[in-house]
Amino acid sequence: MESATGWSTQSFRRHGALVLEALARFVEESARGEGGVACLEPVDRLVKAMDLDRLIGEGMASDYQFETFLQSFLEGATRLHHPGYLAHQIALPHYAAALGDLISGILNNGMSVYEMGPTAGAIEVAVIDWLLAKVGWEPTGRNSEEAPAPGRIPGGGVLTHGGSLANLTALLAARATLAPEVWKTGVGGDLVVVAPAAAHYSLARSVATMGLGTDSLVEAPSDRLGRLIPEELAGAFQAVRDSGKRVMAVCANACSTAAGLYDPLQEVGAFCREQDIWLHVDGAHGASALLHQEESRRLAGVALADSLTWDAHKLLQTSALCAAVLFRDGKRLLGTFQQNAAYVTEGTREIGHDFIGHQFECTKSPLGLKLFLVLAMVGEEGLASNVGVLWENTRKIHDQIAARPGFEVLCPPESNILCFRYAGDDAAQTRIRQRLMREGDFLLTQADVDDRRWLRMTVMNPLTDSSTVRRLLDRIEEVVGD
Ligand SMILES: Cc1ncc(COP(=O)(O)O)c(C=O)c1O
C-alpha cells in the first residue's frame, strides 16, 4: 500500500524479490565466465540501450519496465565475479556487505552525530577497535569514563568514504600535530611531506588540496621498483632542513598501487620514531594482509607508524565504499578538524561518539555496518583465508607467466598485484590492453614502473586460476600476431 511517505511496502517486496533474483543470476553467470567482463560501449549507446531518456521523461510504470531496465543495466555492468576480471583494486564483495548497503539505504542513518544513528555509530567504534587490534594498537576506549590502564595510549580512527579521504585525514592530523596554528592562519610554505614516487596519487592530491602545493611533496629515495630505501632517508631529511623547511610526515606504501610492493616499514618506522616524525602508512590495498599470519610479515613494524589507511572495500570483501584511517594515539585525531558546530554536536558529546568532529564528511553512510556483517558472517579466519588464497594464486600466476616464452614479469609479487609484459615496446602493451578490453573476455590495467610500461593484473577473484591465465596468454599472443 502506497503511504504518504511515498513508500509502498508491497512494491518494495516485489521489486526487491526481482532484484535479488536478477543479482543472483548475474553472479552465477559471471562466475561461470559468461557475459563480457566489461562493456565499453559509448555512453550514448548505453543511454539508448537502457532507454534512459524515455524512463526519465515518462517514468517506470510497470514491474515489466523495471525488470527490463534492470536487465539492460546488468548486461552492461562490469563483472567483478568473472574470473577474467583482473583489473582495478575493488573487492568482489560478500553478499553480507550488499545487505548492509540495503539496510543502510532504507534507514538512511547518516550517523556522523550519535543521535542520527546510535547503532551504526556503536558498530563503527567496534569495527575501528577490531582494526586497531590487528595493527597492534590499543582500542579507542569507546568513550568510557574509565581512565586507560597506565602506560596505554588509546588508539583512534574513523571510517571514511574511501582511502583517498583517509590519506587526506592522516595528513591533516600530521599537520595539526606539527603546526596546529595553520588551521587558522593558513599555510606558511615550510612544510614538506616525504613519500616515494610510487605513492598513490591521492597523496599528491591531498598535499595540493591542503594548500601545501605539490612541490612540497619531496620524493623519498627509492629503488628501481619504487620501494623506499630507509638508509637514505637521513640524507633526504638533511636536504629538506638545509632548504629551511620542516618534514611534516613521511609516507610509506603497504603496498604500492602499481607494483603491489611493500616498503620496509620496520626500518622506516624506527627512523621516524628516532626523529620524532609522523609516519603515515598507506595500507589502502595491502593492510588486509595483517589478518594472515604468514603474509603479515610484509607489514612488520607497522605499529611504529602514527597513522594507517586501510580500505575494507579492497580486500575485506566489503562493497565500496568502506575505508578506515587509524591512529596509534587517538588524541592525534582530536585536533585535526578544529571546528565545533554547536547545532550538530551540542548535547550529544557525552552520550556517545560524534564522529563529525573527527572526519571530513558531514553526513556519512553507516560504513561500519557492512564490514561488520562480512566479519560476522565470514569470520576473521575467512577473511584471512581469502587474502592467503589471492596472494598464493598470484605467486602461481607469476610463475606461469615467467615460464612462458615471450613474456616477462616485473618481479615476484608480494601481494595480489602483478606486472608483466609481452614482446614489443610500451605502446604494444597499451594496444594489447585496449584490444582485450574491447573483446570483453579479460580486463587488465597498465602501469609504468622502472621506466617501462607493464600490463598489470590485480587478482581479486579466487576463481582466477591457471586455466584463466593460459587463455589470457594465448589470446595476447593471438592479438599481437593478428
Ligand atoms: C595505495 C593506495 N592508496 C590509496 C588509494 C585510494 O583509495 P580509494 O580508491 O579508496 O580512494 C588506492 C587505490 O587504489 C591505493 O592503491
Side-chain angles (χ1 to χ4, degrees), residues 1-82 84-93 95 97-110 161-162 164-165 313 318-322 361-367 370 430 433-445 460:
M1 196 198 313
E2 191 87 35
S3 78
T5 59
W7 247 85
S8 158
T9 47
Q10 279 172 1
S11 311
F12 172 57
R13 287 197 175 94
R14 269 199 334 275
H15 289 163
L18 287 177
V19 169
L20 290 192
E21 180 49 35
L23 288 176
R25 264 201 320 267
F26 177 83
V27 169
E28 285 162 1
E29 283 164 13
S30 305
R32 287 196 299 267
E34 293 168 13
V37 180
C39 154
L40 291 167
E41 296 281 355
V43 168
D44 60 340
R45 265 195 237 156
L46 288 179
V47 166
K48 267 202 203 97
M50 289 186 279
D51 206 9
L52 297 187
D53 291 333
R54 197 169 66 82
L55 290 175
I56 289 170
E58 297 172 17
M60 210 178 259
S62 66
D63 286 6
Y64 175 73
Q65 277 184 321
F66 176 67
E67 212 175 348
T68 310
F69 160 74
L70 188 59
Q71 212 44 54
S72 56
F73 179 81
L74 293 178
E75 257 162 41
T78 301
R79 294 176 183 265
L80 273 66
H81 303 77
H82 192 296
Y85 178 87
L86 295 160
H88 302 274
Q89 303 148 261
I90 186 143
L92 188 169
Y95 72 82
L99 293 180
D101 283 325
L102 176 65
I103 297 167
S104 296
I106 302 288
L107 299 185
N108 221 11
N109 277 196
H161 288 93
S164 304
L165 205 46
H313 66 241
T318 302
S319 50
L321 294 164
C322 184
E361 298 98 323
C362 179
T363 305
K364 185 165 90 173
S365 301
L367 305 173
K370 47 196 180 174
T430 302
R433 179 180 114 80
Q434 286 173 347
R435 173 77 182 267
L436 293 174
M437 205 156 46
R438 277 198 305 276
E439 292 180 352
D441 290 331
F442 301 98
L443 191 62
L444 295 167
T445 53
M460 302 301 286

Do L367 and H161 touch side chain to side chain, with heavy atoms closer than 4.5 Å?
yes

Contacts of Q71 meeting side-chain hydrogen bond (donor to acceptor under 3.5 Å, both in side chains) (sequence neighbours excluded), chain-then-number -> none

Of all residues at least two apart in sequence or in a different chain, which pass the salt bridge (Lys or Arg N to Asp or Glu O under 4.0 Å) check with E28?
none

Those residues at least two apart in sequence (or on a different chain) that pass side-chain hydrogen bond (donor to acceptor under 3.5 Å, both in side chains) with T430 are Q446, R453

Residues at least two apart in sequence or cross-chain that pass side-chain contact (heavy atoms from CB on, under 4.5 Å) with L107, listed by chain then number, are I103, N109

Nearest heavy atoms of A91 and T318, plus distance in Å
CB-O, 3.6 Å

L18 CG to Y64 OH distance, which is reported to the nearest 0.5 Å
13.0 Å

Partner set under side-chain contact (heavy atoms from CB on, under 4.5 Å) for L92, not counting sequence neighbours:
H81, N461, P462

Just to verify, what does D441 make a salt bridge (Lys or Arg N to Asp or Glu O under 4.0 Å) with, not counting sequence neighbours?
none

Heavy atoms of L443 and V37 approach each other most closely as CB-CG1, 3.8 Å

Mind checking what makes side-chain hydrogen bond (donor to acceptor under 3.5 Å, both in side chains) contact with R54, not counting sequence neighbours?
D51, E58

Can you name the residues that form a side-chain contact (heavy atoms from CB on, under 4.5 Å) with S319, not counting sequence neighbours?
P93, A97, D101, K370

What are the two closest heavy atoms between L86 and F442, and how far apart are they?
CD1-CD2, 4.5 Å

Any sub-3.5 Å donor-acceptor pair from H82's side-chain atoms to S30's backbone N or O?
no

Test of understanding: with salt bridge (Lys or Arg N to Asp or Glu O under 4.0 Å), list the residues that count as partners of R25, not counting sequence neighbours.
E21

Check M460 against I90 and note the closest heavy-atom contact, atom names and distance.
CE-O, 3.4 Å

Which ring-ring contact (aromatic ring centres under 6.0 Å, His included) pairs, counting each pair once, include a residue from residues 15-44, with sequence neighbours left out?
H15-F66

Suppose we screen for ring pair (Phe, Tyr, Trp, His ring centres under 6.0 Å). Which residues come up paired with Y95, at least two apart in sequence or across chains?
none

What pair of heavy atoms forms the shortest contact from R79 to L74, and how long is it?
NH2-O, 4.4 Å

If you measure from CD on E75 to CD on E29, what distance do you get to the nearest 0.5 Å?
9.0 Å

Between L46 and C39, is the side-chain contact (heavy atoms from CB on, under 4.5 Å) condition met? List the steps.
CA-CA 9 Å; L46 288 179; C39 154; 4.0 Å; yes

Not counting sequence neighbours, which residues clear side-chain hydrogen bond (donor to acceptor under 3.5 Å, both in side chains) with R435? List them please.
E439, D482

Going by heavy atoms in the side chains, are T78 and H88 under 4.5 Å from each other?
no

Correct closest heavy-atom pair for R433 and L444 would be NH1-O, 2.6 Å

